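Letters A, B, ... mirror the listed sequences (proteins, then strands); counts begin at 1. Only a predicted model underlies this, so the values are computations on that prediction, with no experimental measurement involved. For the numbers below, each heavy atom of this structure counts, side chains included, while hydrogens, waters and symmetry mates do not.
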Amino acid sequence: MKITVRAFARFREVVGEIQALDLPEGSGIPALLGALASRNDESRDLLFDEQGMIREHIIFMVNRKRVGRSALQTIILAEGDEVAIYPPVAGG
Amino acid sequence: MKITVRAFARFREVVGEIQALDLPEGSGIPALLGALASRNDESRDLLFDEQGMIREHIIFMVNRKRVGRSALQTIILAEGDEVAIYPPVAGG
Amino acid sequence: MITITDEDFDPGACIDAARDPRVGGIVTFTGIVRDDGITSIELETYREAALQELGVIRDEALSRYDIRSVDIIHRVGPLAIGDHIVVITVGAPHRRDAFDACEYIIDRIKETVPIWKKEHTAEGSRWVPGEHS
Amino acid sequence: MITITDEDFDPGACIDAARDPRVGGIVTFTGIVRDDGITSIELETYREAALQELGVIRDEALSRYDIRSVDIIHRVGPLAIGDHIVVITVGAPHRRDAFDACEYIIDRIKETVPIWKKEHTAEGSRWVPGEHS
């Protein structure tokens, strides 16, 4: 299934602004991050800590709705979903 | 001695905007108010209560400095002083 | 700058004047004539004393808060609904000081600056009692 | 009105738009680029999500405070020292609600709206950490 990934700020600089990933049906956020991390060490370091856990400060949106820490492991993505990843905000 | 009296808002409407009073040397605020009150009942009512006490809410300035309640009876006026009387403010 | 004026003024120009490399936040309070069943109002002042008192309030704000600028313009004379009454502009490195100082200044103006407001309605006129009477 | 724009904007026009017979006080917060030893900054946004989030914050403010209007303009793109970043304008019958709502809105913007700031200095560039990271 096709998933659009958008990344912002430092995440954009490392993983790219926007891209279409082709993931197996039933994939969730960890699978998506794994696909991004497999490209190079810099991406892996940005997304996962030394224990292989998703880094604490990453913020996730699926179709422009925030996904909290507790739902990160359980949410299932669907064809056409837009997943955004970004660091803490600093506007205003 | 010549004292200038300035009145504002409702006080201006009753006692007049600006006037030169000629008071005996050594006069204070009570003598000044007495001179204003002697003109008509409306002025008297505005300045003194039924017991003849200076009304609580009147604010006084002498030469643009506030005179507190406690100094009202003791302050001595001098030739050329400008005394302002007015009700609580309502700007802003 | 501290001004008491019979003319309308431009709050946007005050914000523009507060821009400064050391300033990160500008807070502005603009008071306007609200329709409380009135037709118009009239503002009277003891101008010399009011200017002096506004200067005292500005200096208090500058010493109490970490702010870079305070500008106050107060209108007097006859005003219609929607007209500007007052604009207070505070520029500060950080927003919290700008908010606190601006609110402090308008509160103090309503306490001590010799300006009075008369409301005209279809039924007649009345002097507005002060918030601190 | 809620706007995210690459162009400069006019805070004075926002104050003018907030004038209304039911409004007695308008509080405006204008954020500008402060010189913290930087040469310029760059603001990036997830625009669709930021517009949505600004709308949520406006609606929260309108339901929590007795206010009549909320307008927010946020600039993005490259900015120089002194440039406008954001203007928030709140019109209310009484000043206290206008102050509280305006401060609430800027605090919430800094918590949740997807906008990021990169500072450029003579030594290099860095992303500004959020106040709530």
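In the displayed structure, B/E79 atom CD is contacted under 6.0 Å by more than 12 heavy atoms of other residues, nucleotides or ligands. Counted within 6.0 Å of CG on C/D6, heavy atoms from surrounding residues, nucleotides or ligands total more than 12; the atom is thus considered enclosed. Within 6.0 Å of the CD atom in B/E17, the count of heavy atoms belonging to other residues, nucleotides or ligands does not exceed 12.
Using a 4.5 Å heavy-atom threshold, the side chains of B/M61 and C/E48 count as separate. The closest side-chain heavy-atom distance from C/Y46 to B/R64 is below 4.5 Å. Between C/P114 and B/Y86, the closest side-chain pair of non-hydrogen atoms falls below 4.5 Å. Between B/E13 and C/E44 there is no side-chain heavy-atom pair separated by less than 4.5 Å.
There is no contact between B/E56 and chain C, counting heavy-atom distances below 4.5 Å. Interface residue B/E82: only side-chain heavy atoms are found under 4.5 Å from chain C.
Nearest heavy-atom pair across C/G130 and B/A90 is CA-CB, 4.0 Å. Minimum heavy-atom separation, C/I109 to B/V89: O-CG2, 4.2 Å.
Put simply, CZ on B/F11 and CH2 on C/W127 are 11.5 Å apart, with the number rounded to the nearest 0.5 Å.
Judged by distance alone, the side chain of C/K118 and the main-chain N or O of B/R10 form no donor-acceptor pair under 3.5 Å.
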